[in-house]
Number of protein chains: 2
Amino acid sequence: MCWLRSVARLSRSSITRVPFNPRSLSFTTTASAAPPSDTAAAAPAITRGEWSTVSRGFVGLGPTVPGREKPRLVVLGTGWAGCRLMKSVDTNVYDVVCVSPRNHMVFTPLLASTCVGTLEFRSVAEPVGRIQPAISHAPGSYFFLARCTSVDPDSHTVKCETVTNGSGSVPLEPWKFEVSYDKLVIALGAEASTFGIHGVKEHAIFLREVHHAQEIRRKLLLNLMLSDVPGIPEKEKRRLLHCVVVGGGPTGVEFSGELSDFIISDVFERYSHVKEYIHVTLIEANEILSSFDIRLRQYATKQLIKSGVRLVRGIVKDVEPERIILDDGTQVPYGLLVWSTGVGPSGFTKSLDLPKSPGGRIGVDEWLRVPSVQDVFAIGDCCGFLESTGQPVLPALAQVAERQGKYLAHLLNQIGKAGGGHATQAINLDLGEKFVYKHLGSMATVGRYKALVDLRQSKEAKGLSIAGFVSWFIWRSAYLTRVLSWRNRFYVAINWLTTFIFGRDISRI
Amino acid sequence: MCWLRSVARLSRSSITRVPFNPRSLSFTTTASAAPPSDTAAAAPAITRGEWSTVSRGFVGLGPTVPGREKPRLVVLGTGWAGCRLMKSVDTNVYDVVCVSPRNHMVFTPLLASTCVGTLEFRSVAEPVGRIQPAISHAPGSYFFLARCTSVDPDSHTVKCETVTNGSGSVPLEPWKFEVSYDKLVIALGAEASTFGIHGVKEHAIFLREVHHAQEIRRKLLLNLMLSDVPGIPEKEKRRLLHCVVVGGGPTGVEFSGELSDFIISDVFERYSHVKEYIHVTLIEANEILSSFDIRLRQYATKQLIKSGVRLVRGIVKDVEPERIILDDGTQVPYGLLVWSTGVGPSGFTKSLDLPKSPGGRIGVDEWLRVPSVQDVFAIGDCCGFLESTGQPVLPALAQVAERQGKYLAHLLNQIGKAGGGHATQAINLDLGEKFVYKHLGSMATVGRYKALVDLRQSKEAKGLSIAGFVSWFIWRSAYLTRVLSWRNRFYVAINWLTTFIFGRDISRI
C-alpha cells in the first residue's frame, strides 16, 4: 500500500525531469495521424538551422547562418574513411552530422575472427559516439540512423530516410527528412561483387558487417549440431559440414584460416562425434592473395593446405540452396557458403549524377573533391581518381580509406579556419598539399599463429616480405594498436587471452 | 601457378583426415532424395544402442544393452535444473543425452544487465559442453539441438525433432528421431504467462532468453536513434522513448532498475539530444516484489522512484502495436514493452499424459519421480509436488531448480551404482533421503549500486532483510560465484569493470 502512496506523491513532486502524468497518456500515437498544426504547436520555436517541422513543408535541418552558426559538415557513412575523418575533424570549426545505416564502425580486419568465437562481436564494433563524442552532445552535431537516398549539390541538401530494421513486430514506416550541408563528404563504401551470378545474394553470406559474422556463426554451430543428430545420412552430414569460401583475397584466406583453426583446436575436442566430416574448401578463379609477393603466396598455400583447407581453382557458375555449380560442371555441395570476391560500386554510387572514375566510382581530383560541384568530397572505396588527374584508382583497402579520411579532415579543418567552411565560401582558397597515397604494406593471417606481411610498396616493387610466427605477432600487435578505442583494445586483448586459455566460445545465442 | 601444383599434390596425399576429392562432389544432396538402401550401405554397421537408420524403420538411438553398455540418461532441457543435474551426474555410470532447443544455459539473474550493455550477452550464456564435457566427446553421450515432441513411458522412448531456425535462406525441414532412455529427466521449464491478454505475444518482449535481451537492446537503441531524427513530432518522440515494463516481480524490478541506470549514466551523456524524452514505467496489478519483506518493498519503491521509474498500479486489458490499454481505460503509449508477469506450465507440459500437481505442472513425489510411470523424473519449473505428498508446489525460482538438479544427480548416481541404472531395474531400490527445499533467501537489485537481500525462509517467517550498498555488494558477489565456469566469472568481472570505467557499450550490432 505504501508504494501506492509513493506513486501518488510522485505524481505531485518527486520527478522533476519532465512533468508527465502516466494517467493522462491518452494521446494519438502515430506521427502521421497527428495533425500538422498540433505538431507545430507542441514543437519548440523554430529558428534557422534548427529543426524545421512538417508545417513548414521541409522536414529536416535547414541551412546554417554564417556568422551565427558553425558550418555543417555532413558525413555519409561510418566505415574506415568516414570514421577516421570524423575523429580528426575540429568540432570547434564544424558541426558534424553523420548519416549512416549503422551507428558503429566495423573493424573489418578482425571480423573473420568473430565468426568462430576467437573474438566477441562487440570487440570489433566501435560506436560513432566513441570515435567523435561531439556527435552525442554538441548542440548542432547529430548521428542519424538513416540511409541517404539522394544528393542535390545545387541546393546543398541530402535526402535521407530512417532505417527501421529490428523495430519489432510491426515494422515502422521509414521517416523521410532532408539535411542541408555546407560541406558534404560521401564515404559510403562499396558493395560486395556477385558478378551477376545467380543465387549468390540468396544463399551465400558476405563478410562485411557484424551481422554477417553473426549469421555465419549461427549457421556453422547449427550445422555442427544438426549433423550430430541420430539417423542423418552420411552424405547429408558431409554436406552440412562442408564450409565453402569463394574468393581467395585476404578476407577469404583469413576466414579459411580462422575456420581451420577452429576446426583443429575446438571442433575436434567439442564436437568430436562429427570431426571426421567437417571440411573447408576455398574456391578461387585465379591465384590466392594475388596482390602479395610470390614467396608469400607459396607460403600461404602451404600453410592453408597443412591446416586442412582444400584449394580449388574454379569459376562459380550458379549457386543453388545446397550446392554450387562450377563452370566445368563440378557440383560442390555445401552447408555454409561465404562469398568474398571483392567489391564494386554500390547502387547508390551508380545512381549519383556525378562524374565517375574508371571502374564506376565517384570521380575525385587530387584534393578528393568532386570537381564538377561545390563543397562535395568523396573518400574511401566509393571514390576513385578521375582519369584527368592521371592517377590510378586506388585499391579498396582499409589503409587507403583511413589515409584519405585523415587527409580530408585536415584539409577541411584548414578550409574552415581560413573562413571557407560555409557553403560556397571555399572557392578561392589555396588547398595546399594534394593527397598522395603511399602503400605501407599488406598483411594477412593464415591461421595457426602464422601470418604474411608484405612490406613492398607495390606489386612490382622490391621490398621486405616476411611470413610465419614473427609476422603473426606483428600482425596482431599492428591490429591491436589500430583498434580505435582503449575499451576495444582492452577487449580484443582479453578475448585473445581467454581464447588461448579456455578455447573458443561455442554457445549459439 | 605453384599453388595449383600444390592442389594437385593435395588430392594425392597431403590431407589424410578423410579421403575426399572435391572434384567428385557430385552426389545427391538432400537427405530425403537418397534412397534408404543407399544410405544404409554408406552407414557404418549397425549395433544395438548405436545409430539405427532409416532402413530399419527406426531413426534414432535404440535401447541400451545391460552389461555391454552404460545406461542412458536422457535430459530434456538446458535450464538451471537440467544443467545442474548434468554437471553432477557421474558419467562413469551413465551416458548422458541432452535434448534442448538451445545449446547453452542462460544465467537468468544477470540477463536484465545484458539488455543495456552492462554485461555482454555471451557472459551470461554457458554452453552445455562446458557444464558437462562428456557430452562433447564421450562415445555414447550427445547433445541434440532439438525439441522433444512426445514421451512414451511404456516403450521408454522420447520423440524429437531438430530446431532449424537460423539455417539460412531456405529453412531446413526439421529432422525427426527417437531416443530410447533408461532414465528420463524432464527439465523443460515453464512458459511466460500472458493471461490470455490479446497482443502480448505479438508486441511485447519477454525476458527469458538471450535473444529476448538482444531484441530489447536492438529496439531500445533503435528508438533512441529514431527519436533524434529531424522533424519527428514531440509526441512520437515521447512514445518511442517510453519504456514500459509490465510485472513487478524481481525480473521486472531489476530490468527497470538497470534501464534507469542506463538512462542516468549513459543516455544523458551519449544521447543528450533526447534525454528529456526517455522514461520508464513499471505497471503491476498488485504490489511490487510481493514475496519480499515489507521494509524491502518500501525501500525498493523509494529507490525506483528516486531513479525516475514511474510505478503504476493497473491491470493490462489489451496490447496494441504502439499502446497498452489498462482496465480503467487509460492508454499508455510505448516504444518498448517488456513483459515479465511470471510463468506457467508450457504447452508441452500440458500435453503430457502424466499426473499433474496443483497448478498444472508435472506431478512428482518426494524423490522427484513421476510416480505413475517408471524411470521418469521431473525437476525445475515444470514440476510440482503431487497433492498426495502433502507438500506445497515450490515457487518457480532458479534456486529451487538448481537444488532439485543437484539432488536428482546424486539420487541417480546412487541408483546407477546400486545397479538400477538400466530401464526398469530400479524398482526395489531404497532411494534414501527425500528432497527437502530450504529457502536460502531472495535477492533483487534495484539499480544504482543498491539491492535487496531477504534472508527469511518464508514470507511469514522472521529473519534478516537488508537493503542498500552492502546488499548490492553481496548480490554481485553471490552471482559472480554462482556463474558456472571460470571463463564466464572472469568475463562478468571484466564486463562490470569496463562498464564502470568506460560506460556501457552502445553499438547496435
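In what follows, chains carry the letters A, B, and so on, assigned in the order in which the sequence lines appear, proteins first and then strands, with residues in each chain numbered from 1.
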Given A/Tyr491 and B/Thr498, is the side chain to side chain donor-acceptor pair (under 3.5 Å) satisfied, shown in steps?
CA-CA 9 Å; A/Tyr491 261 103; B/Thr498 40; 2.8 Å; yes
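- A/Leu226 is not listed as a side-chain neighbour of B/Leu145, based on a closest heavy-atom distance of 4.5 Å or more.
- Here B/Phe177 pairs with B/Phe144 under the ring-ring contact (aromatic ring centres under 6.0 Å, His included) rule; sequence neighbours left out.
- Neither the backbone nor the side chain of A/Glu209 has a heavy atom closer than 4.5 Å to any heavy atom of chain B.
- Legend: residues meeting salt bridge (Lys or Arg N to Asp or Glu O under 4.0 Å) with A/Arg270, ordered by chain and number and at least two apart, are A/Asp266.
- Across every non-hydrogen atom of B/Trp175 and A/Pro233, the tightest pair is CH2-CD, 3.7 Å.
- The two atoms that bring A/Leu61 and B/Pro230 nearest to each other are N-CB, 4.2 Å, heavy atoms only.
- Contacts between A/Leu221 and chain B at a heavy-atom distance below 4.5 Å are absent for every atom of the residue.
- Here A/Ser136 is the residue among A/Cys160, A/Ala146, A/Ser136 with the most heavy-atom pairs under 4.5 Å with chain B.
- In this structure, B/Trp486 contributes its side chain and A/Phe502 its backbone to no donor-acceptor pair below 3.5 Å.
- Across B/Ala300, B/Ser141, B/Gly117, the residue that shares the most heavy-atom pairs under 4.5 angstrom with chain A is B/Ser141.
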Could you walk me through whether B/Phe121 and A/Phe121 pass the side chain to side chain contact (heavy atoms under 4.5 Å, CB included) check?
CA-CA 10 Å; B/Phe121 298 117; A/Phe121 298 118; over 6 Å; no
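- Contacts between A/Val163 and chain B at a heavy-atom distance below 4.5 Å involve the backbone alone (N, CA, C, O).
- Of the listed residues A/His211, A/Arg217, A/Glu320, A/Lys176, the one with more heavy-atom pairs under 4.5 angstrom with chain B than any other is A/Arg217.
- We find the OG1-CE distance between B/Thr162 and A/Met225 to be 11.0 Å, quoted to the nearest 0.5 Å.
- At distances below 3.5 Å, not a single donor-acceptor pair connects side-chain atoms of B/Ser272 with backbone N or O atoms of A/Ala138.
- The shortest distance between side-chain heavy atoms of B/Tyr142 and A/Val229 does not fall below 4.5 Å.
- Contacts between A/Arg122 and chain B at a heavy-atom distance below 4.5 Å involve backbone atoms as well as side-chain atoms.
- Taken to the nearest 0.5 Å, the NZ atom of B/Lys219 stands 11.0 Å off from the OG1 atom of A/Thr164.
- The shortest side-chain heavy-atom distance between A/Asp228 and B/Phe143 does not fall under the 4.5 Å cut-off.
- No part of B/Ile325 comes within reach of chain A, as not one of its non-hydrogen atoms sits under 4.5 angstrom from that chain.
- Of the residues considered (A/Lys306, A/His273, A/Arg102), A/His273 shows the highest number of contacts with chain B, using heavy-atom pairs under 4.5 Å.
- Annotation: maximal heavy-atom pairing with chain B below 4.5 Å, among A/Asn495, A/Val128, A/Ile501, occurs at A/Asn495.
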